[in-house]
Amino acid sequence: MAESGGITVRGVGLATRTPDLARVTLGVEVTEAGAADAQATASRRMAEVVAAVRAAGVTARDVATAHIALGPAWDYAGPTPRMTGYTASQSLAVRVRELPSLGAVIDAAVRAGATTVDSVSLE
C-alpha cells in the first residue's frame with residue numbers, strides 16, 4: 001500500500017485592537033399597587049432615561065428596547081407570602097460610539113431614573 005504525501009500546518013494567531021464602541025443595558029424597575037400603574041410609571045421613567053441618553057449624545061439608531069416585564073410583587077416576611085402589588089421592569093440596549101462619553105451616558109441615565117446598569121461591553 002502506497003502512502004500519500006501531505007502537509008500539516010498548525011498555528012496560533014492574535015489580533016488586538018483598541019475598542020471604539022461600547023454596549024450597555026440600562027433599566028428601570030418599579031413596584032406599584034396596580035399593574036397598569038406599575039407599567040405606566042416604568043414607561044414614564046424609561047422615557048426620561050431615553051431622553052437623557054439622547055441628550056448625552058447617543059443617536060436614536062443606537063437606542064433600542066431590550067426587555068419589558070410585568071409581574072406580581074410578593075412580601076415573604078410573614079408565615080404566608082402575600083401579593084403586595086406589581087413590579088414592572090424595562091431595559092434599553094444602548095450603543096455608545098464615542099467611547100470617552102460612556103461614563104457620562106451612564107451617569108445621565110442614572111440621574112434620569114435608571115435603576116440598573118448591566119452588560120457593559122467594549123468592542
Side-chain angles (χ1 to χ4, degrees):
M1 215 191 304
E3 288 189 31
S4 62
I7 299 174
T8 301
V9 177
R10 293 181 191 202
V12 176
L14 174 64
T16 59
R17 185 171 174 207
T18 303
D20 61 356
L21 174 80
R23 293 181 191 268
V24 61
T25 302
L26 304 167
V28 297
E29 183 175 288
V30 298
T31 301
E32 299 282 353
D37 290 338
Q39 190 61 37
T41 301
S43 294
R44 186 176 61 254
R45 287 191 186 165
M46 185 53 78
E48 292 168 358
V49 170
V50 169
V53 165
R54 294 288 314 282
V58 177
T59 63
R61 72 182 176 129
D62 290 327
V63 177
T65 299
H67 175 79
I68 296 175
L70 177 67
W74 295 92
D75 178 2
Y76 295 98
T80 304
R82 74 181 174 88
M83 193 172 119
T84 59
Y86 291 86
T87 298
S89 61
Q90 298 183 13
S91 62
L92 192 65
V94 178
R95 281 187 299 209
V96 179
R97 295 178 188 274
E98 298 296 328
L99 205 51
S101 69
L102 176 61
V105 170
I106 292 171
D107 289 345
V110 170
R111 279 194 307 275
T115 56
T116 61
V117 177
D118 296 312
S119 307
V120 177
S121 64
L122 303 176
E123 300 175 12

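Keep in mind that the numbers below use all heavy atoms, side chains included, and drop hydrogens, waters and symmetry copies. Numbers here simply count residues along the sequence, with the first being 1.
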Is it true that a side-chain atom of T41 and a backbone atom of A38 form a donor plus acceptor pair closer than 3.5 Å? no
What's the shortest heavy-atom distance between A69 and H67, and which atoms? CB-NE2, 3.3 Å
How would you list, by chain and number, every residue that makes a side-chain contact (heavy atoms from CB on, under 4.5 Å) with D20, sequence neighbours excluded? R17
Those residues that, when tested against R111, pass side-chain hydrogen bond (donor to acceptor under 3.5 Å, both in side chains) (two or more places apart): none
Which atom of A88 lies closest to which atom of A42, heavy atoms considered: CB-CB, 3.9 Å
Tell me which pairs pass salt bridge (charged side-chain N to carboxylate O under 4.0 Å, His left out) where either residue lies in residues 114-123, with sequence neighbours left out. R23-E123
Scanning both residues in full, the closest heavy-atom pair of A22 with L99 reads CB-CD1, 3.5 Å
Looking only at non-hydrogen atoms, find the nearest pair between L122 and P19 and report the distance. CB-CB, 3.8 Å
According to side-chain contact (heavy atoms from CB on, under 4.5 Å), who are the partners of I68, at least two apart in sequence or on a separate chain? Q39, T65, Q90
D62: partners by side-chain contact (heavy atoms from CB on, under 4.5 Å), with sequence neighbours left out: V58, T59, R95, R97
For T87, check side-chain hydrogen bond (donor to acceptor under 3.5 Å, both in side chains) against everything at least two apart and list the hits. T31
Quick one: side-chain contact (heavy atoms from CB on, under 4.5 Å) partners of A40, sequence neighbours excluded? none
Any heavy-atom pair between the side chains of V94 and T25 that's under 4.5 Å? no
Less than 4.5 Å apart, any side-chain heavy atom of V96 and any of L21? no
Any pair counted as salt bridge (charged side-chain N to carboxylate O under 4.0 Å, His left out), so long as it reaches residues 36-49, sequence neighbours left out: none
Contacts of T115 meeting side-chain hydrogen bond (donor to acceptor under 3.5 Å, both in side chains) (sequence neighbours excluded), chain-then-number -> none
Is M83 linked to V30 within one hydrophobic cluster, defined over Ile, Leu, Val, Met, Phe, Trp and Tyr using a side-chain heavy-atom separation of less than 4.5 Å? no
Heavy atoms, side chains only, cut-off 4.5 Å: are V63 and R54 in contact? yes
So S91 and L26, do their side chains get closer than 4.5 Å, heavy atoms only? no
Given W74 and T84, is the side-chain contact (heavy atoms from CB on, under 4.5 Å) satisfied, shown in steps? CA-CA 6 Å; W74 295 92; T84 59; 6.0 Å; no
Quick one: hydrophobic cluster around I7, which other residues, with the 4.5 Å side-chain cut-off, linked directly or via members? V9
I'd like to know if Y86 and V28 are part of one continuous hydrophobic network [Ile/Leu/Val/Met/Phe/Trp/Tyr, side-chain heavy atoms within less than 4.5 Å]. no
Sequence neighbours excluded - salt bridge (charged side-chain N to carboxylate O under 4.0 Å, His left out) pairs with any residue from residues 74-94: D75-R82
